[in-house]
Amino acid sequence: QVQFVESGGGLVQAGGSLRLSCVASGSTFGSYAMGWYRQAPGKQRVLVAGFSVSGKIDYADSVKGRFTISRDNAENTVYLQMNSLKPEDTAVYYCNDRYNLRSWGQGTQVTVSS
């Protein structure tokens, strides 16, 4: 069973940047349409950025122009570069296979102070 381990979160001030990493173990996701999700306290988990099955990239309107998803298939790693962070980006961030959702990892906490 593939397992996802997210890392790279932390506490940053508004306007700062973070780079999140998601590493898969037990399998590879070279052919997966991977996505990054986030869940804020009291809110639903939502997709913020993800590859489509065709390789196109989707971004939530709230992060478009600020976040960039990328991957390194050789390392079974997917990244989320987050720039110009806002307090409303505060959430736990998760990665998963968009079209074949698996067990959620622990996520990585991102906290943006005003």
Side-chain angles (χ1 to χ4, degrees):
Q1 293 289 328
V2 65
Q3 295 179 321
F4 303 126
V5 180
E6 301 93 346
S7 63
L11 174 63
V12 298
Q13 292 185 316
S17 297
L18 286 172
R19 183 176 173 87
L20 307 184
S21 298
C22 168
V23 179
S25 64
S27 186
T28 63
F29 54 59
S31 63
Y32 300 174
M34 294 294 297
W36 281 97
Y37 301 76
R38 70 185 182 191
Q39 186 170 29
K43 304 292 186 181
Q44 296 294 309
R45 182 184 280 116
V46 297
L47 180 75
V48 296
F51 295 99
S52 71
V53 294
S54 70
K56 290 181 58 180
I57 300 174
D58 300 318
Y59 293 100
D61 288 342
S62 58
V63 308
K64 195 170 298 181
R66 301 187 297 119
F67 290 10
T68 303
I69 187 173
S70 62
R71 68 196 305 165
D72 183 345
N73 290 339
E75 299 293 331
N76 281 351
T77 305
V78 62
Y79 302 97
L80 185 67
Q81 179 67 47
M82 306 186 296
N83 298 325
S84 302
L85 283 162
K86 305 175 180 179
E88 50 262 46
D89 296 319
T90 295
V92 179
Y93 285 72
Y94 305 86
C95 61
N96 215 317
D97 182 347
R98 292 179 66 185
Y99 301 108
N100 186 22
L101 287 170
R102 305 166 188 268
S103 296
W104 298 97
Q106 69 177 31
T108 185
Q109 176 72 50
V110 171
T111 303
V112 184
S113 61
S114 60

side-chain contact (heavy atoms from CB on, under 4.5 Å), that's the test. Do Leu80 and Phe67 meet it? Break it down for me.
CA-CA 7 Å; Leu80 185 67; Phe67 290 10; 4.1 Å; yes
Shared ILVMFWY cluster between Ile57 and Val53, side chains joined below 4.5 angstrom?
no
For the atom pair OG (Ser17) and CG (Leu85), what is the distance rounded to the nearest 0.5 Å?
6.0 Å
Out of curiosity, Trp104 CH2 to Cys95 SG, how far, rounded to the nearest 0.5 Å?
8.5 Å
Are Val78 and Val2 connected into the same hydrophobic cluster when the rule is that any two of I, L, V, M, F, W, Y join if their side-chain heavy atoms are below 4.5 Å apart?
yes
Which atom names give the shortest non-hydrogen contact between Ala91 and Ala40, and what distance separates them?
CB-N, 3.8 Å
Going by heavy atoms in the side chains, are Val48 and Ser62 under 4.5 Å from each other?
no
Might you work through the side-chain contact (heavy atoms from CB on, under 4.5 Å) test for Gln81 and Leu18, ending with a clear yes or no?
CA-CA 6 Å; Gln81 179 67 47; Leu18 286 172; over 6 Å; no
Within the distance-only criterion (no hydrogens, no angle test), does the side chain of Trp36 pair as donor or acceptor with the backbone N or O of Tyr79 below 3.5 angstrom?
yes
Whether the Tyr37 and Arg45 side chains hold a donor-acceptor pair (N or O, under 3.5 Å, no angle test) is what I'd like checked.
no
Can any side-chain N or O of Thr90 pair as donor or acceptor with the backbone N or O of Val112 at less than 3.5 Å?
yes
Roughly how far, to the nearest 0.5 Å, is the CD atom of Gln13 from the OG atom of Ser113?
5.0 Å
Trace of the side-chain contact (heavy atoms from CB on, under 4.5 Å) decision for Arg38 with Tyr94
CA-CA 6 Å; Arg38 70 185 182 191; Tyr94 305 86; over 6 Å; no
What's the spacing between Phe51 CZ and Asp97 CG if we round to 0.5 Å?
12.5 Å
Could you give me the CA-CA distance, side-chain angles and deciding distance for Leu20 and Thr108, then say whether side-chain contact (heavy atoms from CB on, under 4.5 Å) is met?
CA-CA 8 Å; Leu20 307 184; Thr108 185; 4.0 Å; yes
Arg66 (side chain) donor-acceptor with Ser84 (main chain) under 3.5 angstrom
yes
With a 4.0 Å cut-off, would you call Asp61 and Lys64 a salt bridge?
yes
Using the rule that Ile, Leu, Val, Met, Phe, Trp and Tyr join whenever any side-chain heavy atoms are under 4.5 Å apart, tell me whether Leu47 and Val63 fall into a single cluster.
no
Roughly how far apart are Ile69 CD1 and Tyr59 OH, rounded to 0.5 Å?
6.5 Å
With rounding to the nearest 0.5 Å, note down the distance linking CE in Met34 to CZ in Arg98.
11.0 Å
Would Val5 and Val110 show up in the same hydrophobic cluster when neighbours are defined by side-chain heavy atoms closer than 4.5 Å?
no
Under 3.5 Å, side chain of Gln109 to main-chain N/O of Gly9, donor-acceptor pair present?
no
